[in-house]
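Just so you know, these numbers use all the heavy atoms, side chains as well, and skip hydrogens, waters and symmetry mates. These numbers were taken from a predicted model, which means no experiment stands behind them. Each chain gets a letter, A, B and so on, in the order its sequence line appears, and its residues count up from 1.
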There are 2 protein chains.
Amino acid sequence: MSLRHALLALLEAGAMTGYELAKQFDQSVAYVWHAQHSQIYTELRKLEAEGLVVAETLARGDKALATKRAYTLTEDGEHELRRWVGDVEELPAVRDSAYVKATYLEYGSYQEARAQFRAHRAHYEALRDRYEMHVDQLARRETALLRRRLAGAPAASHDAIVAYKVHAYRGLISRARTEIEWANRGLELIDRLSDDGVLPK
Amino acid sequence: MSLRHALLALLEAGAMTGYELAKQFDQSVAYVWHAQHSQIYTELRKLEAEGLVVAETLARGDKALATKRAYTLTEDGEHELRRWVGDVEELPAVRDSAYVKATYLEYGSYQEARAQFRAHRAHYEALRDRYEMHVDQLARRETALLRRRLAGAPAASHDAIVAYKVHAYRGLISRARTEIEWANRGLELIDRLSDDGVLPK
DNA sequence: AGCTCCATGTAAGTCGTTACATGATTCA
DNA sequence: TGAATCATGTAACGACTTACATGGAGCT
C-alpha cells in the first residue's frame, strides 16, 4: 500500500500528470519503491475515485487535439498523507530469494555458488553507487523535485526535509554495503570449502 | 518464484506432507521466505501437476477414516532444484515501505518520526535475536530438518551444508544490525532537529 | 517523412493475503 | 466431552507484471 502514499507525497509538492509522476518515480522514489507506469495510472484513477486527488484535464500542444490529466491533492488526500506518516505499520514478512538460494547452495557446484555471490555483489555495488550519487544531489539540493518541494515549504523546515531524505538514502547505502560484505564473506567461504575439498566438483 | 524452490529443497531432505512442510516453513524457511499454509497447499498441487513432485495418499490414524498426502521429489523436481541453484536471477526491484515513509517524515511531528524509528529498531532487534538463536542451533546441528538433511548426504559434505546455511543466517543478522543502527541514527537526527527547533511541534 | 518523446490506458495472468470451511485424531 | 493438533483445502480480493494498444506533439 505504499504506492498510493508515495503518489500522494509527490503530489504534495505540486500538481503533476501521471506521465510526470511516472518519471519522478524512475528518478527518485524508484530507489525505495519501484512501480510500472501502468500501475501508476490505475492507482491514480483509484485515488481519484476515492476523492484523495482531483484531476484537471488540460490541453496539450497548440492545436489541443490531445489532452493530459494533472492531478492535485485534495484535503482528504492531505489528511491521508499525514495519517500515513504517523501510522506505525507492521513490517512485511521477509521474502528474499537470494537468501533462500544461499541456504541451498550445496545443491550446486562451487562455480555456481561463486557466480551467485559475485552477481549479488555486483548488484549492490551498482545500487550503492546510484544511492551515493542521489544522496549527493539531495544534499546539494539539486534535484528538481526537491527544489519544488522546498519552494512550497517554510524556509525553517528546509533543513529537516533534506535531512530526512538524506538519512533514508544513507540507510540504503549502509544496507548495500552490508550486502556487499556478505557476498565477499560468501566468496571467502567458498575458497575455504573448495581448498578443503569438502564438496565434489 | 522462490516458494516452489524452497518446497523442492525441503523435499530433497525426504518426503513430507503439506502440513509438515508448512510447519517447517514456520520454523526455518520463514526466516527468509514467509508463506501461508493455504499457499503451500496450492503450490504443492501445482508442482504435482507439473510433475516435479509426486504425492502418495496415506492413511491417518488407526481407523483410517482420514488421509494425508506425502510428497516426494521426482527426477524432474531434482533437476529443477539444481537448475535453480545454478541460475543467477535478477534481483527484484526495491520495495521498502519503511524507507518510503522515512523519506517523507517531515509531514509528521517529531513524536511520530521517533515512533517510526523506534518501531523499526524493535522489529529488527526481535528479528536479530531470532536469527541468532537459529544460527546457534544450526551450528550445533540441532534442528530436526538439518539432521534429516545431513543423514541423507555424504559425510564429507556435511560441513559445507552447515556452512552455507550459517553464512546465510549470519548475513541476515548483519542486515538486522544495519537496520538497528540506521534507526538509532534516525533517532539522533530527530534529537538534533528538535533541539534546533527546525520544524513546528 | 520519420523519429523520439509525450501521454494514457487495457487485459491477462501470477503471486500472495485474508477469511472461510471442514472434519479426523489424540489425549486428558 | 472438550480442547489442541493434525490435515486439507476454497473463494474473493489486492498488488503487481508483462504485453498490448493507441495516437498526438515536436523536431529535423
*Below 4.0 angstrom, N of the basic side chain to O of the carboxylate: do A:K101 and A:D96 qualify?*
no
*In whole angstroms, how far is the P atom of C:dT14 from the CD atom of B:Q36?*
21 Å
_Distance check needed: C:dT8 P versus A:Y71 OH, whole Å only._
7 Å
_Integer-rounded Å distance: C:dC6 P and A:I40 CD1_ = 15 Å
*Under 4.0 Å between a side-chain N or O of B:Y41 and OP1 or OP2 of D:dG9?*
no
_Quick check with a 6.0 Å cut-off and a 45 degree axis cone: is A:R175 positioned over the face of A:Y131's six-membered ring?_
no
*According to a strict under-4.0 Å criterion, is A:H34 in side-chain N/O contact with OP1 or OP2 of D:dC16?*
no
*Round to a whole Å and report the spacing from CG of A:L58 to P of D:dA25.*
14 Å
*Would you check if A:S28 and A:K165 make a side-chain contact, meaning some heavy-atom pair closer than 4.5 Å?*
no
_Taking donor-acceptor contacts at under 3.5 Å, does the side chain of A:S38 reach the base of C:dT8?_
no
*With respect to the side chain of A:M1, which nucleotide from C:dT25, D:dA15, D:dG9 is positioned closest?*
D:dA15
*According to a strict under-4.0 Å criterion, is A:R69 in side-chain N/O contact with OP1 or OP2 of C:dC6?*
no
_Separation of D:dC16 P from B:D96 CG (nearest whole Å)_ = 13 Å
*Which of these passes ring-ring contact (aromatic ring centres under 6.0 Å, His included) with A:F117: A:Y124, A:W182, A:Y110, A:Y99?*
A:W182
*How are the rings of B:Y41 and B:H37 set to each other: parallel, tilted or perpendicular (split at 30° and 60°)?*
perpendicular
*Take A:W33 and B:Y19, find for each the nucleotide of DNA chain D with the closest heavy atom, and name the residue whose nucleotide sits nearer the 5' end.*
B:Y19
*Whole-Å distance between D:dT8 P and B:E43 CD?*
16 Å
_Nearest heavy atom decides the nucleotide; on that basis, is B:K23 or A:R4 closer to the 5' end of DNA chain D?_
B:K23
*asked:* Can you identify which nucleotide, out of C:dC15, D:dT17, C:dT8, has its nearest atom closest to the B:K46 side chain?
replied: C:dC15
*Of the nucleotides D:dG9, C:dG9, D:dA7, which has the atom closest to the B:R45 side chain?*
D:dG9
*Nearest to the side chain of A:T42, which nucleotide is it out of D:dC16, C:dT10, C:dA24?*
C:dT10
*Assign each of B:L3 and A:G18 to its nearest nucleotide of DNA chain C by heavy atoms, then name whichever residue's nucleotide is nearer the 5' end.*
A:G18
*Could you give the CD-to-P distance, from A:E56 to C:dA7, as a whole number of Å?*
14 Å
*CD of B:Q39 versus P of D:dC13: gap in Å, rounded?*
19 Å
